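Written out below as structure tokens is the structure these notes cover.
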Amino acid sequence: MLKFILRRLLYMIPIFFGITLVTFVLFNVAGGDPAAQAAGRYATPDQITVMRAEMGLNKPLLNQYFDLVTQLFTFDFGRSWSSKQQISHLITAGIGPSLTVTFPGFVISLLITIPLSLLVAHKRGTFFDKATLVICLALTAISSVVYVLAGQYFFAFRWGMFPISGWDPSWDGRWQYAALPIIIMVSLSLGSYILFFRTVFLDEMYQDYVRTARSKGLGNAKILLKHVLRNALVPIITLVVLQVPFLITGSLLTESFFGIPGLGGLIYQAIQEADFPVIKAMTIISAVLYMVFQLISDILYALVDPKIRLG
Amino acid sequence: MLTRFLVIFSASLFLSYCTRGSKVSENSIQFPMKMNLSSLDPAQASNEATNEVGPNINETLLQYNYLKRPLTVEPLLAATMPTVSKDGLVHTFKIKPGVRFHDDAAFKDGKGRELVAADFIYAWKRLADPKSKSEGWWIFDGKIKGFNEWRDKLTKGEATYETAIEGLQTPDDHTIVITLSKPYYQLYYVLTMIYSSPVPKEAVDKYGAEFLNHPVGTGPFVFVNWIRGNKVVLKRNPTYHGSLYPSAGEPGDQEAGLLADAGKPLPFVDELIFHEVPEDQPRWLNMMRGNFDISEIPKDSFDGAVGPDKELKADMKAKGFELKKYKVQEVVYMGINMDDPVLGKNRNLRTALCYAYDQKTPIERFYNGRAIVAHSMIGPDMDGYDESFKLPCKEYSLEKAKEYLKKAGFPDGKGLEPIEYSFPTSATGRQFGEYVQEQFGKIGVKTVLTGNSWPQFQDRLRNKKAQMFGIAWGADYPDAENMMQLLYGPNVSPGPNSANFKNKEFDKLYEEASKMPPGEARTVAYKKMRDIFAAELPWIPTVHRLGFQLSHGWVENLKPNKTLPNPFKYMKVNLEKKKALKAKL
């Protein structure tokens, strides 16, 4: 296992440099003159030259690329162009609020959709299955903006069940503001998760080992919970673990509409204001997180399925 | 990386744990900002939200009278209006004695010290210092004796903040003598802008680059906290020097109840909470629920709240909502790159496009009727604005448009390459672009739309790449000079003259007007410049937007004006009315 982890870590090095190189080219070479943008609308050529020197843009490209890699390792991405705030502070301050919404939302979604999908798969072909399929397809067809707009309008404004928007940074105070965004996040994922898990479970249900178990006289509950669920864990783990980076980076739309000071809102604002240093930092961090959790998911495969030999 | 991340993350968690939500006082104003706040450093006040929050914390030498229109300047941190030398170049300001900065850890024993003249000079030098990256330097650039020279020396390392500037003297702690290098009649206006607020050197030194999160001023409100992306909380300054509610206004103010608090000490409310709400729906729903006290009306909610007569609908009135309409000193226009070999050299072509553009439809379609047709570059209620002046080509006429197009050498658009129209990308920006395309198409002129991110758009203007572009300009102060500089020859790109308009007569008049005090002669000069503009058409002016401010009936002393930087200290909450009206929401 250790050998596998080391090998995967070594694989990550070229991928890491690939990601950072692509990001560097996109933002520093192809994305216009960052110094002119940072210097402001009416900057004179002299002011742009001073800004270029200050931003290290007069260095050779290789050195500039090295600076970018250093930024990641030192977690010092400089300051935002639009707000002049320290980017590392913006990021660390945003993780908590984002996770407050996404993590419970994700866990609740899994707790609802996994058992429900198992049941739907078990009832394949029945009215219950067909009705669930139709509802799930309808849920996935609706734009996420509609969930946010309608949820905010009905639950918060019309029925007054939740605050319309806002945030309280204290641990006990934040839940009143996080509750509705969590419900919306769960609603958003219901359709697609049920459809995905149902397919995974159905794949397993027609395997020989299920037929054997059934012929041996095992009850449905035991077959589903002990055998099917366990064998379906690999794709479930893939979904769960690879979802974690997105939980950290938050939801762009939900955070923006509900005034949640998370990373989703930070990215949304950065895109709106073309704040490239923030976008660049978040792009690289997201990519690195994805790589790390990909590795974790590979390790977990081996733990849940002894057939997978990582060595 | 991991160590640094963990340290910062732990600090953030600790801070968020410590920042317990506190109950908001009923005697507060809650205001939704359309833009996210970026900084609370007066030197970085280029952002709209900073200009909404900042003036409540940081004050300026002068301010606008809250009630008088057109806006007139009066002392704020200055004890009186300055004395001026006969040649108009030397302005001597006396500062109010006993004004104290807010209590802050930057000061000895945490107690705010007295404001002195040197605090102003220090703050103004920060604007000039290229290291501050302030966009506010333009307010003094080239205007004060020796200031530009000091800036150059500072850049080269030949001067420091201690180096004296000839035009900025402080003979004693309560006197500032400003010596101008040339007449600058907008000086008093720029001294009302938050850029010119004094800041204590101790605080800048203590907080360094983080000063933008630790504002220290002399204003009526003290900074409490800022949850980035969510809200900023300010509370009443217990040691405020006490400016007073104005005792006189303009006709009608008495009847409107705007003088009921005449002469009373400011501010009236205990707390100000500025919410960062870029999305229309939460802004509107919170307003309807009574969580916000004042708001603009989003485009999509306008028809639900306001009737065809542009007055509040009966149900809104019944709930206690009030609507105040006001003119905004700004102009929305389509700029034409006068360096462009086709559009820039063909006045008939520009005139044809102007005639082809039907202005009435977009006023309803895009502004819900909240705009008036613009006939020049001068905004309403500004010196030189003349409601009776009509730009001939603003009379929509396809016949005349075709006639001018023929005169331009392109009958029915034949032989004319498609015109490139640049705009900053947004849903509305594109809709506008498509409308322009449709209008020009009616006379056979093809238009290619170029949507850009804001930096790309700026880049296109700076590098003279846009052939035609849609943009707006809001006045920094109520003087048409602020609009005229957008057409002054030496200001061509990368300067603010994005149309790259160069006209010797216009420039001469601009230079002459800049030496004239406000008065009839200057107004005549402005009108002559407007006439040159009308003849040359470097822009097709489209509209002047109108402000529609919605408020709850419990908010008193409201008299909106976009240029006025510090309205919140005058606002008052009628607590009894608030209780009664909130029950109806």
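So that the names make sense, note that chain A is the first sequence line, chain B the second, and so on, each numbered from 1. In this text, all values refer to a predicted model and were calculated from it rather than measured experimentally.
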Would B:Arg151 and B:Asp129 pass as an ion pair if we require N to O under 4.0 Å?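 Salt bridge between B:Arg151 and B:Asp129, a charged N being under 4.0 Å from a carboxylate O: no.
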
For [X], is it the side chain, the backbone, both, or neither that has a heavy atom closer than 4.5 Å to a heavy atom of chain B?
X        : answer
A:Leu90  : side chain
A:Tyr153 : both
A:Gln269 : side chain

Which residue, B:Trp226, B:Phe223, B:Tyr207, forms the side-chain contact (heavy atoms from CB on, under 4.5 Å) with B:Asn213?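 It is B:Trp226, the one option of B:Trp226, B:Phe223, B:Tyr207 that forms the side-chain contact (heavy atoms from CB on, under 4.5 Å) with B:Asn213.
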
Output the option from A:Ile164, A:Ile260, A:Leu266 having the highest count of non-hydrogen pairs under 4.5 Å with chain B.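 With the most close heavy-atom pairs to chain B, the winner is A:Ile164.
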
Exam field: side chain B:Asn51 to backbone B:Asn47, donor-acceptor pair closer than 3.5 Å: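 The answer is yes, because a donor-acceptor pair under 3.5 Å joins these two groups.
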
Does B:Phe292 have its ring centroid less than 6.0 Å away from the ring centroid of B:His275?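 Centroid separation for B:Phe292 and B:His275: below 6.0 Å.
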
